[in-house]
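A short worksheet on the structure shown next.
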Amino acid sequence: MNHGATLPGTRDVYASADLSSIYRKINWRLLPLLVLCYTFAYLDRVNIGFAKLQMQADVGISDAVYGLGAGIFFLGYVLFEVPSNLLLVRIGARKTICRIMILWGLTSASMLFVQGEYSFYALRFLLGIFEAGFAPGMIFFLTYWYSTRRMAGVMAVVMCAGPIGGMLGGPVSAWIMTRFSGAHGLDGWQWMFLLEGLPCVLLGIVAFIFLADKPEKARWLSPQERELLAADLQTRQAAHATHAFKDVLKDPGIYALAIPYFCLISGLYAVSFWLPTLLQQSGLRDTMQIGIWSAIPYIAAIVAMFVLSRHSDRRHERRWHVTAPAILAGVLLVGALSVPDYFLLSMAMLALATALMWAAYTVFWAIPSQHLKGPAAAGGIALINSIGLLGGFVSPSLIGWIKTSTQSLNAGLYVIAALLVVGVLPILFTRHARIQG
């Protein structure tokens with residue numbers, strides 16, 4: 001009997017076990033820090049919705065000015081996103097994330113100096129410029145570390161930072177605005193910007209020290225672990241041809257993904273920027289109470305993101321896991337607006353609509369990352385994100401203009417609901433929504 005012989009398949013079992021151990025190590029090394037960074041990124045772009053409850057009267061801005069200022073962030077973001085991601089390929093993720101976080105943290109804190117509509121517009125625009133490239137850069141960075149079949153689950157972990165920011169942002173922002181109002185001559189909303197902006201500077205420095213640009217540069221992985229990981233990632237690379245960025249610009253499938261993403265972003269930021277105002281109009285007057293109620297939709301979102309992304313990974317299906325939740329979210333948003341006299345019912349439908357939008361958003365980002373790699377992936381992901389994020393400008397600006405013109409917040413939200421139902425349909429017909437391998 002040959003005691004040294006290896007049973008058929010045993011080596012594969014050991015390799016699979018080792019690979020799972022490697023991915024667990026990567027998860028604990030990368031994901032907590034990225035989630036924390038992205039949580040502050042989301043918080044610093046949407047905390048304006050809570051600041052509005054106090055600063056609108058202090059600074060003297062209309063709903064139209066607020067909507068435009070909330071949305072103008074995305075113009076700066078879109079203009080500089082593709083260059084930022086192409087630069088990431090040259091200088092690496094550590095330097096890119098560090099630069100982005102320090103600049104956006106300082107700019108977000110500087111929002112306390114807003115005196116009127118022009119300074120409001122200017123700082124929101126600069127915030128977008130300095131944050132440009134963070135989310136798509138992070139997604140591209142993760143393609144260096146995870147295989148295609150693991151991406152939706154990883155996206156669920158990282159993208160839950162958005163709802164975490166929304167969940168914590170409400171109560172925390174409300175507490176800061178209430179607790180520190182008048183301290184050292186600053187209003188509550190000014191303290192909120194200061195205390196939520198400055199931690200990003202420290203996080204940028206931590207990211208520079210803690211992250212490795214690629215697995216081959218990770219000294220916390222052994223040579224054997226790097227070799228096994230490279231073999232697993234090579235399967236992904238062999239399945240997809242390398243594209244130059246100029247080829248990505250000509251690819252109609254990229255634009256077929258950008259349109260649904262535009263609609264998803266329109267829905268997400270309609271809720272993010274206007275939920276506090278919507279709750280105030282429903283009869284809530286206490287700032288802390290509004291903050292607590294605003295957390296509920298984001299708690300539901302975190303649950304939905306993990307459930308749907310894992311189901312998508314198990315079923316090896318993306319397109320229906322994006323379109324069906326988005327369409328249902330649009331229907332539920334209309335339903336929530338149609339029963340204003342029944343607060344709990346309206347709130348339940350709004351929470352479920354928000355949860356489904358975030359779940360669709362999470363699975364969506366597993367699609368482009370599995371079909372693009374190399375420099376084309378950085379530019380292609382940034383291009384999709386840039387076009388889609390125009391929804392972040394259009395959505396709050398449109399709602400603010402309609403509300404100022406008609407005195408109705410619901411009218412603008414009905415338009416957003418229609419976008420969600422109709423706009424995601426192109427994803428059903430694009431090859432990018434098919435999983436390979």
Side-chain angles (χ1 to χ4, degrees), residues 6-38 85-101 133-159 203-243 309 313 365-366 368-382 435-437:
T6 302
L7 294 174
T10 302
R11 183 176 299 175
D12 292 339
V13 172
Y14 287 150
S16 177
D18 290 342
L19 197 59
S20 296
S21 175
I22 293 169
Y23 276 118
R24 280 196 296 272
K25 184 182 290 188
I26 293 171
N27 288 344
W28 283 109
R29 181 77 183 196
L30 301 184
L31 298 186
L33 177 58
L34 291 178
V35 168
L36 184 60
C37 292
Y38 198 27
N85 253 40
L86 294 178
L87 181 63
L88 180 148
V89 177
R90 289 177 172 269
I91 68 174
R94 292 167 61 246
K95 293 179 181 177
T96 299
I97 292 175
C98 177
R99 179 258 302 170
I100 287 174
M101 295 200 68
F134 179 76
M138 183 177 59
I139 294 167
F140 173 67
F141 170 66
L142 290 171
T143 65
Y144 283 132
W145 295 87
Y146 292 95
S147 63
T148 298
R149 61 185 176 273
R150 297 176 185 266
M151 278 303 290
V154 173
M155 286 297 100
V157 175
V158 174
M159 295 303 175
L203 281 173
I205 298 171
V206 171
F208 180 79
I209 297 171
F210 205 68
L211 295 179
D213 288 325
K214 295 180 181 180
E216 53 265 35
K217 295 183 179 180
R219 285 181 285 183
W220 42 273
L221 290 176
S222 70
Q224 294 79 10
E225 289 172 328
R226 289 196 291 266
E227 183 179 348
L228 189 57
L229 179 62
D232 189 54
L233 296 176
Q234 187 63 36
T235 304
R236 169 203 191 108
Q237 295 172 356
H240 310 296
T242 302
H243 302 292
S309 62
D313 277 346
W365 274 118
S369 62
Q370 73 187 32
H371 288 275
L372 295 167
K373 72 180 188 70
I381 291 170
I435 295 181
Q436 300 176 3

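If you read the sequence from its start, that first residue is 1, and numbering goes on from there.
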All ring-ring contact (aromatic ring centres under 6.0 Å, His included) counterparts of Trp220, not counting sequence neighbours: Trp145
List the steps, then state whether side-chain contact (heavy atoms from CB on, under 4.5 Å) holds for Thr96 with Leu87. CA-CA 8 Å; Thr96 299; Leu87 181 63; 5.5 Å; no
Could you list the residues that satisfy side chain to side chain donor-acceptor pair (under 3.5 Å) with Asp213, not counting sequence neighbours? none
Could you list all the salt bridge (Lys or Arg N to Asp or Glu O under 4.0 Å) pairs where at least one residue sits in residues 219-228, not counting sequence neighbours? Lys25-Glu225
Listed by chain and number, what are the side-chain contact (heavy atoms from CB on, under 4.5 Å) partners of Leu31, not counting sequence neighbours? Asn27, Leu142, Tyr146, Val154, Val157, Val158
Measure from NZ or CZ of Arg99 to the centre of the six-membered ring of Phe208 and say whether it is under 6.0 Å with the direction within 45° of the ring axis. no
Are the side chains of Phe141 and Leu88 in touch, meaning some heavy atoms are under 4.5 Å apart? no
At what distance, to the nearest 0.5 angstrom, does CG of Leu229 lie from CG of Leu221? 7.0 Å
For the residue pair Ser147 and Leu233, what are the closest heavy atoms and their distance? N-CD2, 3.6 Å
Identify which one of Met101, Arg94, Lys95 satisfies the side-chain contact (heavy atoms from CB on, under 4.5 Å) criterion when paired with Ile97. Met101
Applying ring-ring contact (aromatic ring centres under 6.0 Å, His included) to Tyr38 and not counting sequence neighbours gives Phe134
Interatomic spacing from CG in Leu33 to CG in Leu211 - rounded to 0.5 Å: 5.0 Å
OH of Tyr23 to CG of Leu228, rounded to nearest 0.5 Å, is 8.5 Å
Using the rule given for side-chain contact (heavy atoms from CB on, under 4.5 Å), can you reason through Met138 versus Leu30, listing the C-alpha separation, both sets of side-chain angles and the distance that settles it, and then say yes or no? CA-CA 11 Å; Met138 183 177 59; Leu30 301 184; over 6 Å; no
The side-chain contact (heavy atoms from CB on, under 4.5 Å) partners of Ile205 (sequence neighbours excluded) come to Ile102, Ile209
Which atoms form the tightest heavy-atom contact between Ala212 and Ala218, and what is the distance? CB-CA, 4.0 Å
List the steps, then state whether side-chain contact (heavy atoms from CB on, under 4.5 Å) holds for Asp232 with Ile22. CA-CA 11 Å; Asp232 189 54; Ile22 293 169; over 6 Å; no
